[in-house]
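In what follows, a single structure is set out as structure tokens and then discussed.
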Amino acid sequence: MTTADYTEKIPNNVELHEDRRLQRALESWQPNFLHWWESMGPTLPTADVYLRTAVNVGREGWAHFDHVAMRDYRWGIFLAERNRGRRIAFGHHKDEPVWQKVPGEYRADLQRLIVIQGDTEPASVEQQRNLGAVAPSLYDLRNLFQVNVEEGRHLWAMVYLLHAYFGRDGREEAEELLHRNSGSAESPRILGAFNEETPDWLSFFMFTYFTDRDGKYQLGTLKESAFDPLSRTCEFMLKEESHHMFVGTTGVDRVVERTVQLMLEHDTDDVGPYGGIPLNVIQKYLNFHYSVSLDLFGSETSTNVANYFTSGLKGRWSEERRSDDHRLTDESIMVDAVTDDGGIGQTEVAALLGLNTDLRREYISDCQSGVTRWNRILDGAGLPHRLKLPHVAFNRRVGAFASAEVSPDGELLTAGEWAERKGRWLPTDVDKTHVRSLMQPVHERGKIAAWIAPPRNGINGQPFDYDYVHLA
Ligand SMILES: [Fe+2]
Ligand SMILES: [Fe+2]
């Protein structure tokens with residue numbers, strides 16, 4: 001069960017050959033996927049890339065590394081191993097056996113959750129498609145492509161569920177996942193952050209740090225699902241996802257490290273003229289990506305999400321490690337709110353209604369760990385500067401603060417004050433132009449762009465100057 005079958009057209013560990021109808025349906029979706037990859041995926045022509053491919057879902061040795069042509073990447077369907085005794089951990093059906101089929105009454109909701117998750121996966125590939133042309137090193141280029149092929153595989157993961165469990169509606173939704181495109185005027189991706197451009201590598205690192213981390217938290221709640229195939233799919237996706245966040249965490253590390261070197265060398269905060277990215281610009285990019293990622297968690301309160309929880313479709317982060325009754329019918333939670341006098345405050349609601357807030361808070365404390373780590377680099381260099389997460393109400397377009405303008409310190413502003421001051425907190429055209437001007441490709445083995453420090457380690461034990469990518 002755990003070893004992937006690579007003799008099949010679609011590699012899988014779900015015994016796909018036993019269901020000819022499903023196999024044929026997925027095999028007819030496959031060329032559409034490849035067409036999408038060719039037309040919307042990475043634009044830089046490559047001969048091959050040193051990529052990891054999943055070969056096993058078990059704890060040991062799950063991936064294989066080799067140079068492969070990206071078009072021939074073996075995108076496949078891999079579910080974590082089935083736990084036969086697994087029971088529902090929360091909600092109205094708590095302690096009942098998990099579901100191997102979709103209960104009729106939850107069909108529409110489950111399909112919606114899968115489509116929303118599925119939509120984000122190809123979206124990020126689209127957002128990042130032009131970055132290869134300006135990669136700071138072959139090591140970084142390889143990491144970009146690794147993230148891209150795995151997001152493609154995550155699309156496969158969701159499309160498998162749609163085809164296998166949702167009949168004709170599911171097949172239609174699978175087609176739509178290839179038709180919507182990031183930033184498209186006619187058919188954009190479903191969620192706002194996935195229609196933003198990723199025009200430079202600082203944005204890419206911030207995206208993989210903050211927005212892929214949102215993905216981690218969404219997958220974490222779906223991993224708790226009573227619908228077992230969804231749970232097992234998400235469990236395996238989380239394993240791949242951790243590399244994406246590693247790319248973000250260490251990418252920002254290396255930008256900060258290089259900036260610090262230039263600050264010390266030239267005794268100035270303004271490292272722009274020396275080919276670096278000033279710390280205040282890094283902070284602005286952080287502010288932007290963090291705030292749009294907070295929006296992905298939705299409104300502070302949600303009856304839909306309360307129903308998802310009660311029905312067993314979607315749990316909480318680390319559901320099983322929580323010490324409450326896992327039903328939450330009598331609990332309450334304080335959620336962020338605009339107070340009656342127009343200030344920023346909190347209000348008490350039923351815990352079930354506040355589940356988005358609960359998840360957003362878990363995410364926020366996780367985000368803080370990266371900031372602490374980046375600040376250690378500043379501290380170690382003897383610099384007094386610090387990066388920080390902006391206030392939760394800053395630059396929000398979804399939820400309680402959507403119509404309030406708030407500074408990174410949590411100060412409520414008038415529209416006029418916001419317009420006048422937002423250039424101090426969010427990237428301006430000048431900042432973006434500077435960052436883009438630094439994005440000159442470095443596609444030579446062992447070389448690196450001047451705005452970023454080299455990584456401490458290569459991939460899979462290989463050195464930094466390894467030939468990670470062969471260009472076409
Ligand atoms: Fe993903
Ligand atoms: Fe990801």
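First listed ligand is number 1; within each ligand, the first listed atom is number 1. Worth saying up front: this structure is predicted, and the values here are computed from it rather than measured.
- Residues forming a side chain to side chain donor-acceptor pair (under 3.5 Å) with Glu224 (at least two apart in sequence, or on another chain): none.
- Contact of the Asn304 side chain with the Ser302 side chain is registered, since non-hydrogen atoms from C-beta on lie closer than 4.5 Å.
- Around the Fe ion (ligand 2), the protein N, O or S atoms closer than 2.8 Å are Glu151 OE2, Asp212 OD1, Glu241 OE2, His244 ND1, listed by chain and residue number.
- Remark: Arg171 CZ to Leu22 CG distance equals 9.5 Å, nearest 0.5 Å.
- Under the side chain to side chain donor-acceptor pair (under 3.5 Å) criterion, Arg180 pairs with Asp119, not counting sequence neighbours.
- Checked against side chain to side chain donor-acceptor pair (under 3.5 Å), Gln100 has the following partners two or more places apart in sequence or in another chain: Asp228.
- Inter-residue side-chain proximity for Val49 and Tyr73 is flagged as unmet; no heavy-atom pair is nearer than 4.5 Å.
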